[in-house]
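Counting starts at 1 for both ligands and their atoms, in listed order.
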Amino acid sequence: MSKAKQLTPERSPLMIKEDMTVIRHEELANDICLLVLKGELVTHASPGQFVHVRVSEKGMAMPLLRRPISISDIDLEQMTMSIIYRVEGEGTRRLAKQKVGEIVDVLGPLGQGFETSHLTSGDNVLIVGGGVGVPPLYYLSQTLVQQGCKVTHVLGYQTKNHSFLVHSFETLGETHVTTVDGSLGTQGFVTNVIDRWPLEQWDSLFACGPTPMLKALEERFLDHSNAFLSLEERMGCGIGACFACVCQTPSEQPYDYRKVCTDGPVFRVGEVIL
Ligand code: FES
């Protein structure tokens with residue numbers, strides 16, 4: 001009998017709560033871990049969505065029960081999903097102790113992912129990631145390559161020791177790396193690379209990373225009709241309950257807001273105030 005239990009969520013029609021099995025669990029970079037999980041949930045996920053992972057033992061009230069983590073890869077043949085997270089706090093420290101063969105309680109897929117239906121074969125797509133915002137872009141980039149798009153990646157990390165997935169992105173398309181200290185790739189920020197190119201050459205932009213990086217991209221792509229930002233750093237409970245993720249919109253309406261977890265995490269540039 002299936003372990004997966006179908007739920008009726010606020011927005012996503014295919015959300016499942018499932019006990020998934022740990023297939024692989026390893027450290028990729030400084031405090032950055034890759035967790036590969038097997039289960040039925042993988043068949044419903046699309047690029048840009050995330051899962052809500054239980055990080056406390058069953059029956060324990062604290063620490064906060066779940067953490068939102070973006071999906072970085074799906075293997076439908078193996079029925080596995082890769083998620084990559086930063087170890088920072090009691091919850092993720094507990095998660096980092098999970099061993100191969102153990103069970104992890106996962107809810108998802110959640111949120112509204114990246115819109116790619118406007119793109120066709122041969123389109124030029126810029127993909128920009130910063131730090132722990134890089135993982136969901138890998139699943140996206142694979143999907144775009146399958147659609148026939150030409151992808152260019154710009155990935156920003158603090159240092160070489162914080163970098164991960166670079167070789168995986170290189171297999172999909174042109175890949176540029178920046179590090180704050182210059183220990184890998186170009187010294188500085190993603191914009192140091194992006195500003196070398198005319199913005200008009202991009203049919204679409206997709207980005208995920210820290211808010212200052214997204215703001216810098218918003219300044220450059222505000223008039224672009226197909227620029228999308230994933231705001232996953234702004235997430236709290238992940239399921240629409242805590243209001244920690246609420247963003248104002250530029251509208252004059254006083255109560256016009258969006259929840260990052262259920263209306264996003266992906267928004268068009270300019271749709272919400274960063
Ligand atoms: Fe709690 Fe969105 S993260 S309502």
- Message: Side chains of D181 and T159 only: does a donor on one sit below 3.5 Å from an acceptor on the other?
- Response: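 Distance-only check fails for D181 and T159.
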
- How wide is the angle at atom 2 (Fe) of ligand 1 between SG in C245 and SG in C261, to the nearest 10°?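 About 110° at atom 2 (Fe) of ligand 1.
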
- Parallel, tilted or perpendicular: which fits the ring planes of F206 and F228, with parallel below 30° and perpendicular above 60°?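 The arrangement is parallel - the two ring planes meet at less than 30°.
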
Can you name the atoms of ligand 1, numbered from 1 with element, that are less than 4.0 Å from a heavy atom of [X]?
| X | result |
| --- | --- |
| G238 | 1 (Fe), 3 (S) |
| C237 | 1 (Fe), 3 (S), 4 (S) |
| G240 | 4 (S) |
| F243 | 1 (Fe), 4 (S) |

- Query: For I83, which of V53, V36, L34 qualifies under side-chain contact (heavy atoms from CB on, under 4.5 Å)?
  - Reply: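 Going through the options one by one, the only one that passes is V53.
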
- Item | Charged N-O contact under 4.0 Å between D19 and K17 |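 No, no charged N to carboxylate O under 4.0 Å.
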
- Message: A quick test of your reading: do over 12 heavy atoms of other residues, nucleotides or ligands sit less than 6.0 Å from NE2 of H118?
- Response: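 More than 12 heavy atoms, drawn from other residues, nucleotides or ligands, come within 6.0 Å of this atom.
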
- Residue part near ligand 1, for A241, under 4.0 Å between non-hydrogen atoms: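 Contact part for A241 vs ligand 1: backbone (N, CA, C, O).
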
